[in-house]
*Asks:* 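This is the structure I want to talk about, given as structure tokens.
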Amino acid sequence: EQSEDPLEQAILYARTGNYIDYGAMKVVDEGILGELLQKAATEKLDKRNYDCFKQDLKQAKMLTYVLDNCGEIVLDKLLIKEIKRQYPKLQIYVLVRGKEVLNDATMDDAIQIGLTKMVPVIENGTGIAGTVLEKISEEAKEALNAADVILAKGQGNFESMYWCGLNVYYLFLCKCDWFVKRFAMTKNAGVFLREGEYILQNMKEELNENGFQELYEAQEWKLKAGGKYYVSRNESSLIAFQIPKENFVGFQIMASHSDFPTFKVKENPEICVENQYTKLNVEKYGGMLCAPWFDRPLSVAGRLLVKEE
């Protein structure tokens, strides 16, 4: 509470606690944990994601917090306490595993640290090291679907929930080599990102490491000869450029894109079926392999633009 931003500090400490994971690592080194905690005292979260998170909490009525490892939930409890302090009207629910698996948090762990006395805690009904929406209990599904904001801890929850279409913020450390490579980050580096954003975040991290400076469209740009810059838009596109040190007579542009196969709603899509209901006509979008693509549940996701007066 004495820090400059208690909420940000609580998030950083809760993220650092994700190191206490005997499932991903054979040994939890107390020395490394101490170094990570010291580092967390001076770190900053990604400003864009953090600002979005605070704005979402301000407008939300319900937050669901998905726990990961039992060793870190004391720090999760501190974060939940801080969220309750700053957003007293926010209803908070916590999800734990329904059965023992690896070192993931269960109801017994939540009871032991007194978390059940602070907020309602719900078992997810499974013994899976993650949150597989098709497998969890109806009560757990309702806690996720009804939430305005979801905070999911750990690599396992990220792997099983990412692209679920809900308003999820993921909080974890890159502990295993696969995550280090996927996010182009160092071992035990911290991640705090919003659903659907890690590709852009990954690119920003790589540009920052190579001396690029982020610009914002709403601010005045002060470009310098030899400077390296980038700007993003709509949390889905990014442009990077470098200013030559001397006069130049031309320039080169390189472009690439990354997309995900899905169905896109066509223009004028309404189709009336037997005067009973309206169906929206769709078309394929992205590099879709139809044969293996239809063996998974479909859901609605994307962005909705609303025009207001």
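Residue numbers count from 1 along this sequence.
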*Asks:* Which residue, N103, D104, L102, forms the side-chain contact (heavy atoms from CB on, under 4.5 Å) with D21?
*Replies:*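 Output: one option passes, namely N103.
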*Asks:* Using the rule that Ile, Leu, Val, Met, Phe, Trp and Tyr join whenever any side-chain heavy atoms are under 4.5 Å apart, tell me whether I128 and Y162 fall into a single cluster.
*Replies:*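 No; tracing contacts between hydrophobic side chains, which count when under 4.5 Å, never links both residues.
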*Asks:* Could you tell me whether K228 atom NZ has more than 12 heavy atoms of other residues or ligands within 6.0 Å of it?
*Replies:*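 Yes - once you tally the heavy atoms of other residues, nucleotides and ligands closer than 6.0 Å, there are more than 12.
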*Asks:* State the CG-CE distance between N145 and M62, to the nearest 0.5 angstrom.
*Replies:*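 The distance works out to 9.5 Å.
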*Asks:* To the nearest 0.5 Å, tell me how far L36 CG sits from E43 CD.
*Replies:*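 Interatomic distance, L36 CG to E43 CD, rounded to 0.5 Å: 8.5 Å.
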*Asks:* For M161 and T131, work out which heavy atoms get closest and say how close.
*Replies:*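 Here M161 and T131 meet closest at CG-O, 3.5 Å.
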*Asks:* Is there a path from L193 to L151 through hydrophobic residues (I, L, V, M, F, W, Y) whose side chains come within less than 4.5 Å of each other?
*Replies:*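 Not linked; separate clusters.
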*Asks:* Please report whether the ring centroid of F53 lies less than 6.0 Å from that of F192.
*Replies:*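 Yes - the distance between ring centres of F192 and F53 falls below the 6.0 Å cut-off.
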*Asks:* Got V66 and N124 here, is their nearest side-chain heavy-atom distance under 4.5 Å?
*Replies:*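 No. Closest side-chain heavy atoms not under 4.5 Å.
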*Asks:* Would you say that I113 contacts V74 through its side chain, given a criterion of any heavy-atom pair below 4.5 Å between the two side chains?
*Replies:*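 Yes; the side chains approach each other to less than 4.5 Å.
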*Asks:* Could you go through the side-chain hydrogen bond (donor to acceptor under 3.5 Å, both in side chains) check for D29 and Y19 one step at a time?
*Replies:* CA-CA 9 Å; D29 190 306; Y19 175 75; 5.3 Å; no
*Asks:* Quick one: are N275 and Y277 in side-chain contact, heavy atoms under 4.5 Å?
*Replies:*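 Counting from C-beta outward, N275 and Y277 never come under 4.5 Å.
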*Asks:* May I ask you to decide if the ring planes of F172 and F179 are parallel, tilted or perpendicular, using 30° and 60° as cut-offs?
*Replies:*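 Answer is perpendicular, since the angle exceeds 60°.
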*Asks:* How about V96 and E123: do any of their side-chain heavy atoms sit closer than 4.5 Å?
*Replies:*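 Counting from C-beta outward, V96 and E123 do come under 4.5 Å.
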*Asks:* What is the minimum heavy-atom distance between I92 and V119, and which atoms define it?
*Replies:*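 Nearest heavy atoms, I92 then V119: O-CB, 3.7 Å.
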*Asks:* Is the shortest heavy-atom distance from the side chain of I11 to the side chain of Y50 under 4.5 Å?
*Replies:*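 Answer yes - side chains close enough.
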*Asks:* Within this structure, what is the SG-CZ distance for the pair C70 and R97, rounded to the nearest 0.5 Å?
*Replies:*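 Answer for the SG-CZ pair, C70 versus R97, is 11.0 Å.
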*Asks:* Is the shortest side-chain heavy-atom distance between M107 and T116 below 4.5 Å?
*Replies:*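 SC-SC contact between M107 and T116 confirmed.
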*Asks:* Using side-chain hydrogen bond (donor to acceptor under 3.5 Å, both in side chains), reason through N18 and K175 one step at a time and then give a plain yes or no.
*Replies:* CA-CA 9 Å; N18 190 234; K175 300 186 290 288; 2.7 Å; yes
*Asks:* Just wondering, more than 12 heavy atoms not from E30 lying within 6.0 Å of its CD?
*Replies:*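 Counting other residues, nucleotides and ligands, CD of E30 stays at 12 neighbours or fewer.
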*Asks:* Cluster question for you: counting only ILVMFWY and a side-chain heavy-atom cut-off of under 4.5 Å, with indirect links fine, are L207 and Y216 together?
*Replies:*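 No, separate clusters.
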*Asks:* Taking the side chain as every heavy atom from C-beta outward, state whether L79 and Y65 have any pair of such atoms under 4.5 Å apart.
*Replies:*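 L79 reaches Y65 side chain to side chain.
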*Asks:* Would you call R15-D76 a salt bridge at under 4.0 Å N-O?
*Replies:*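 D76 and R15: not salt-bridged.
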*Asks:* To check you understand the geometry: which heavy-atom pair defines the closest contact between E72 and A14, and what is its length?
*Replies:*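 Here E72 and A14 meet closest at OE1-O, 4.1 Å.
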*Asks:* Please indicate whether K141 has more than 12 foreign heavy atoms, meaning atoms of other residues, nucleotides or ligands, lying under 6.0 Å from its NZ.
*Replies:*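 Yes, the 6.0 Å shell around NZ holds more than 12 heavy atoms from other groups.
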*Asks:* Considering residues, nucleotides and ligands other than Q59, do more than 12 of their heavy atoms fall under 6.0 Å from its CD?
*Replies:*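 Enclosed: over 12 neighbouring heavy atoms sit under 6.0 Å from CD of Q59.
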*Asks:* In Å and rounded to the nearest 0.5 Å, what is the OG1 to CG distance from T106 to L67?
*Replies:*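 The CG atom of L67 is 10.0 Å from OG1 of T106, to the nearest 0.5 Å.
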*Asks:* Indicate whether the side chain of E82 and that of Q86 have a donor and an acceptor atom separated by less than 3.5 Å.
*Replies:*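 Yes - a donor-acceptor pair under 3.5 Å links their side chains.
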*Asks:* Crowded around E206 CD? As in, over 12 foreign heavy atoms under 6.0 Å?
*Replies:*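 Count not over threshold, so no.
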*Asks:* Check for me, please, whether V149 and V94 land in the same ILVMFWY cluster - side-chain distances under 4.5 Å, paths through other members count.
*Replies:*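 Yes, it is one cluster - the side chains of V149 and V94 are joined through contacts under 4.5 Å.
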*Asks:* Hey, are Y170 and E195 close enough side-chain-wise for a donor-acceptor pair under 3.5 Å?
*Replies:*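 Judged by distance alone, the side chains do pair up.
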*Asks:* Using 0.5 Å steps for rounding, measure from the NZ atom of K47 to the CG atom of N49.
*Replies:*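 It is 11.5 Å, given to the nearest 0.5 Å.
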*Asks:* Supply the atom-to-atom distance E100 CD to D109 CG, rounded to the nearest 0.5 angstrom.
*Replies:*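 If we round to the nearest 0.5 Å, E100:CD and D109:CG are 8.0 Å apart.
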